[in-house]
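Below is one structure; the comments refer to it alone.
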2 protein chains.
Amino acid sequence: MPPIPELEAIRKAQILEAALKTISASGYANVTMDDICRAAGLSKGGLAHYYRSKNELFVAVFKEFFERIFQRSKQTMELYENPVDKLLSFDWLYDRNDPDVNVGYPVLFDCMSLAVREKEYRSLFHDWFENWVNLLKDAIDVGLKKGIFRNLDSESTARAISSVYQGIATRWYLDNESHTTKWAVESFKKAITGLLSSNNK
Amino acid sequence: MPPIPELEAIRKAQILEAALKTISASGYANVTMDDICRAAGLSKGGLAHYYRSKNELFVAVFKEFFERIFQRSKQTMELYENPVDKLLSFDWLYDRNDPDVNVGYPVLFDCMSLAVREKEYRSLFHDWFENWVNLLKDAIDVGLKKGIFRNLDSESTARAISSVYQGIATRWYLDNESHTTKWAVESFKKAITGLLSSNNK
DNA sequence: ATGAATCGACCAATCGGTCGGTTGATTTAC
DNA sequence: GTAAATCAACCGACCGATTGGTCGATTCAT
């Protein structure tokens with residue numbers, strides 16, 4: 001019987017952590033199970049005991065990843081009271097020293113290219129979008145109730161706002177020599193305040 | 001000696017076309033040289049005669065791809081006179097029946113995940129961004145001169161506009177059940193007109 | 001006969017997954 | 001109370017399949 005009852009949960013967490021870092025560093029397509037074994041301090045057979053296939057492990061890794069990002073987003077938004085501040089609270093996405101950012105972007109891009117063809121990954125994306133959009137939507141609804149915003153469809157505006165964050169992030173990360181952090185922050189603020197002002201019919 | 005002098009150019013074009021379709025359909029990581037040989041109607045040795053390694057071929061494919069997208073963007077913009085119309089002329093990006101769209105998005109996502117780790121691909125991205133941004137920047141500069149826009153930095157605004165297109169495209173493509181074409185088109189119009197109106201200090 | 005164009009068998013390397021085996025703690029049998 | 005059986009945890013050698021690249025052979029126009 002198990003030495004400690006929580007051993008399985010501990011091991012799985014260790015493996016996920018090791019796999020996440022390895023995938024982030026080398027890229028989904030280049031990572032081998034051996035790499036992950038080494039990073040996790042386990043043998044091939046040992047790892048197979050917890051995750052029976054590469055695909056099973058990787059799906060678990062990406063799931064864990066999105067959960068982390070979501071929690072981070074939620075916690076950061078909660079630091080603010082004003083709906084506008086909440087909606088503009090994602091500047092941590094453009095901090096090159098942030099550990100979530102450094103690990104996260106490579107994983108995110110990998111996941112996107114996987115999502116193109118595999119519905120399991122598309123579904124992970126969908127859930128993440130949904131969670132993110134709901135955070136934003138709630139803030140917009142509060143703003144509408146308080147009269148800060150007018151004539152907005154909160155859901156489609158929320159989707160647009162998160163898309164703007166992601167679009168700017170893509171540039172900022174993949175071509176950082178031409179896209180400074182200053183540009184990224186100013187741009188998302190202008191774009192999002194533009195989306196929130198109801199001068200569109 | 002070559003049967004026809006242009007044979008090399010013809011073959012290379014055939015190979016690039018076949019490779020582009022194959023990569024789009026199966027994904028960079030899953031495509032084998034055999035797949036491309038079959039699609040191009042050539043043997044392994046025959047293909048090796050024109051492209052000596054997988055990497056050499058793939059870089060050429062992605063280069064060709066970005067060139068196509070750029071030409072398409074340029075031509076579509078030229079259909080319009082008014083700077084605002086030019087800047088909003090990219091709704092073809094959100095047409096699910098467009099062949100460039102169907103082939104392009106999978107390739108684009110693959111290229112992004114490659115660009116994270118390989119500077120050769122990052123450089124392709126950079127060049128594409130630069131070309132795209134310059135198209136937009138020229139239109140904005142005309143608008144500034146004509147007095148249609150005020151208080152804008154044309155370059156950083158151009159970068160923001162193309163980022164908005166790309167961010168919305170990501171959602172629209174990867175999670176199309178929750179992101180309709182109508183949403184995509186309305187959203188980019190609102191976001192971009194917001195960026196162009198100078199009510200930001 | 002020279003060399004570009006093309007072929008396809010073959011090689012070496014890689015990788016995911018399997019499987020028999022070991023360890024050590026717990027449970028069961030007596 | 002102890003010997004035997006059991007089982008989770010873990011190991012690493014091995015297998016089968018895949019794949020990128022090579023190379024000698026073949027064709028054919030010049």
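Chain letters run A, B, ... following the sequence lines, proteins first and then strands; every chain starts at 1. Heavy-atom basis, side chains included; hydrogens, waters and symmetry copies ignored.
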Identify which nucleotide among [options] has an atom closest to any side-chain atom of [X], counting heavy atoms from C-beta outward.
X: A:S43; options: C:dT18, D:dG12, C:dT6; result: D:dG12
X: B:H49; options: C:dG8, D:dG20, C:dA5; result: C:dA5
X: B:T32; options: D:dT19, D:dT22, C:dG17; result: D:dT19

Please report the distance, rounded to the nearest Å, between [atom1] in [X] and [atom2] in [N].
X: A:D35; N: C:dT14; atom1: CG; atom2: P; result: 12 Å
X: B:I36; N: D:dG21; atom1: CD1; atom2: P; result: 11 Å
X: B:I10; N: C:dA5; atom1: CD1; atom2: P; result: 11 Å
X: A:L42; N: D:dA9; atom1: CG; atom2: C1'; result: 10 Å
X: A:N30; N: C:dC15; atom1: CG; atom2: C1'; result: 13 Å
X: B:Y51; N: C:dA5; atom1: OH; atom2: P; result: 13 Å
X: B:M33; N: C:dC11; atom1: CE; atom2: P; result: 20 Å
X: A:K44; N: D:dA13; atom1: NZ; atom2: C1'; result: 10 Å

Would you kindly compare A:G45 and A:D34 by the position of their nearest DNA chain C nucleotide and give the one closer to the 5′ end?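 Its nearest nucleotide lies further toward 5', so the answer is A:D34.
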Taking only the side-chain nitrogens and oxygens of [X], find out if one of them lies under 4.0 Å from OP1 or OP2 of [N].
X: A:R11; N: D:dC10; value: yes
X: B:Y50; N: C:dA4; value: no
X: A:K54; N: C:dG16; value: yes

Please assess B:R171 against B:W183 for the test side-chain contact (heavy atoms from CB on, under 4.5 Å), listing each intermediate value before the final yes or no. CA-CA 10 Å; B:R171 297 303 169 84; B:W183 166 82; 4.1 Å; yes
Test B:D110 against B:Y121 for side-chain contact (heavy atoms from CB on, under 4.5 Å), laying out the working first. CA-CA 10 Å; B:D110 271 346; B:Y121 289 90; over 6 Å; no
For B:K63, is the NZ atom crowded, meaning more than 12 foreign heavy atoms sit under 6.0 Å from it?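 Atom NZ in B:K63 is not crowded, with 12 or fewer foreign heavy atoms closer than 6.0 Å.
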Does A:K21 have more than 12 heavy atoms from other residues, nucleotides or ligands lying within 6.0 Å of its NZ? no
Decide yes or no for B:L174 and B:Y105: does some side-chain heavy atom of the first lie under 4.5 Å from some side-chain heavy atom of the second?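 Sidechains of B:Y105 and B:L174: no contact.
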